[in-house]
K.L.:
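What follows is a single structure, and I will ask about it in a moment.
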Amino acid sequence: MDKPIGIFDSGVGGLTVAAAIKRQLPGESFIYFGDTKHSPYGDKSGDTIRRYSSEISEFLLAKDCKAIVIACNTASALAYDELVKKHPNLPILNVVDPVAQFVASQKPEKIGIIATRATTKSKIYKKRLLEINTNLIIEDAATPLLVGLVEEGFLNTEVSKAAIKQYLQHPKFRNLDSLILGCTHFPLLQKEIEIFFKGKTHVVDSPELVAKELAKILKGKNLLCENEEGQYQFYVSEKTAAFSKIAKNFFGENIQLKEKQL
Ligand code: DGL
């Protein structure tokens with residue numbers, strides 16, 4: 001129960017998930033790993049993403065983690081199945097399934113998804129949503145520029161507004177009931193995207209849903225920690241000034257970084 005949860009992402013994006021876990025499960029400790037050396041994952045091949053995800057998981061397991069949260073949509077799309085196969089007895093969560101289940105439960109007719117190129121190409125959200133409801137209309141688009149904008153801290157700027165408009169004004173995104181933010185960087189743009197849709201489309205992000213699912217799974221396996229306050233460790237594969245600077249935007253507070261090359 002007292003063991004930490006391992007959380008990983010290609011870089012900073014997964015800190016949005018770590019922050020939600022801290023909010024919902026304040027007694028849990030976690031070890032976060034951001035693969036800054038290999039970020040972004042969104043333009044890499046499936047084999048490469050699986051190799052990186054596997055190495056990070058080995059590192060987290062060597063640190064005695066009781067569960068792993070893949071806090072990256074790209075790694076969730078391409079490496080989840082392989083990690084589950086390698087570690088059948090370990091609770092492993094991806095960020096796609098809780099979101100697909102939640103969105104489908106809202107009984108929408110038309111759903112949009114924005115994500116990295118690799119996630120979009122994998123069609124993971126479409127597959128998961130259509131497994132639940134075969135009648136859904138689903139439109140998606142790769143929006144890699146939004147990742148860079150968020151990393152640069154260009155939030156609520158002319159450039160972020162213009163990029164959101166450029167990607168989302170496509171006719172296929174008209175009359176959406178829900179838009180899935182299929183990248184853990186995008187919750188930072190949620191308000192701007194909601195404004196673009198004039199509040200008429202439900203913009204769904206993953207962090208709170210993933211944290212809720214984690215709580216359910218840990219409870220079900222009797223692994224919930226009853227401590228008052230968790231301990232947090234943050235590792236990156238390459239320490240960069242940029243990561244330290246922007247991490248606060250994602251996690252909500254300053255963090256101390258350790259470097260671990262894999
Ligand atoms: N955090 C990654 C995701 O959720 C996006 C960034 C990347 O391309 O590495 O897909």
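All figures in this text were calculated on a predicted structure; none of them were measured in a lab. Every number for a ligand or one of its atoms is a count from 1 in the order of the listing.
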K.L.:
Given Leu181, Asn73, Val147, Val150, identify the one with the heavy atom nearest to atom 4 (O) of ligand 1.
P.N.:
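When every heavy atom of Leu181, Asn73, Val147, Val150 is considered, Asn73 comes closest to atom 4 (O) of ligand 1.
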
K.L.:
Walk me through whether Lys191 and Glu194 qualify under salt bridge (Lys or Arg N to Asp or Glu O under 4.0 Å).
P.N.:
CA-CA 5 Å; Lys191 291 257 147 45; Glu194 282 166 352; 5.3 Å; no

K.L.:
For the backbone of Glu229 and the side chain of Asn227, can you confirm whether one donor and one acceptor N or O come within less than 3.5 Å of each other?
P.N.:
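Side chain of Asn227 to backbone of Glu229, a donor-acceptor pair under 3.5 Å: no, none is there.
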
K.L.:
With side-chain contact (heavy atoms from CB on, under 4.5 Å) as the test, would you mind laying out the steps for Val96 and Asn73 before giving the verdict?
P.N.:
CA-CA 7 Å; Val96 173; Asn73 285 264; 4.2 Å; yes

K.L.:
Which ligand 1 atoms are under 4.0 Å away from a heavy-atom of Asp9?
P.N.:
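Atoms satisfying the 4.0 Å criterion: 1 (N), 2 (C).
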
K.L.:
Got a donor-acceptor contact below 3.5 angstrom from the Ser122 side chain to the Thr119 backbone?
P.N.:
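Indeed, once roles are kept as given, a pair shorter than 3.5 Å links the two residues.
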
K.L.:
Are Phe197 and His202, when compared by the centres of their aromatic rings, separated by less than 6.0 Å?
P.N.:
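No, the ring of Phe197 stays outside the 6.0 Å limit from the ring of His202, centre to centre.
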
K.L.:
Which label fits Phe251 and Phe234: parallel for a plane angle under 30°, tilted from 30 to 60°, or perpendicular past 60°?
P.N.:
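Ring orientation, 0 to 90° scale: perpendicular.
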
K.L.:
Quick one: nearest non-hydrogen protein atom to atom 5 (C) of ligand 1, plus distance?
P.N.:
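Heavy-atom neighbour on the protein nearest atom 5 (C) of ligand 1: Cys183 SG, 3.3 Å.
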
K.L.:
Relative to ligand 1, is Thr116 under 4.0 angstrom through side chain, backbone, both or neither, heavy atoms considered?
P.N.:
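Just the side chain.
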
K.L.:
For atom 8 (O) of ligand 1, find the nearest protein heavy atom and state the residue, atom name and distance (0.1 Å precision).
P.N.:
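For atom 8 (O) of ligand 1, the nearest protein heavy atom comes out as Gly42 N, 2.8 Å.
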
K.L.:
Could you find the nearest protein heavy atom to atom 10 (O) of ligand 1 and give me its residue, atom name and distance?
P.N.:
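Going atom by atom, the protein heavy atom closest to atom 10 (O) of ligand 1 ends up being Thr74 OG1, 2.6 Å.
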
K.L.:
Would Thr119 count as a polar contact of ligand 1, with the cut-off being nitrogen or oxygen pairs under 3.5 Å?
P.N.:
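Such a contact does not occur with ligand 1.
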
K.L.:
Side chains of Ser39 and Thr36: is there a donor and an acceptor less than 3.5 Å apart?
P.N.:
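Result is no, nothing qualifies.
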
K.L.:
Show the atoms of ligand 1 that are less than 4.0 angstrom away from any heavy atom in Tyr41.
P.N.:
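Those atoms are 7 (C), 8 (O), 9 (O).
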
K.L.:
Has ligand 1 got any nitrogen or oxygen that is less than 3.5 angstrom from a nitrogen or oxygen of Ser39?
P.N.:
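The answer is no, given that Ser39 and ligand 1 share no N or O pair closer than 3.5 Å.
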
K.L.:
Tell me, which protein residue and heavy-atom name are nearest atom 2 (C) of ligand 1, and how many Å apart are they?
P.N.:
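Ranking protein heavy atoms by distance from atom 2 (C) of ligand 1, first comes Cys72 SG, 3.5 Å.
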
K.L.:
Under a 3.5 Å threshold, yes or no: a donor from one side chain and an acceptor from the other, between Asp35 and Tyr41?
P.N.:
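Short answer, yes.
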
K.L.:
Heavy-atom distances under 4.0 Å are what count here, so tell me which part of Ser10 touches ligand 1: side chain, backbone, both or neither.
P.N.:
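It is the side chain that touches ligand 1; the backbone stays farther off.
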
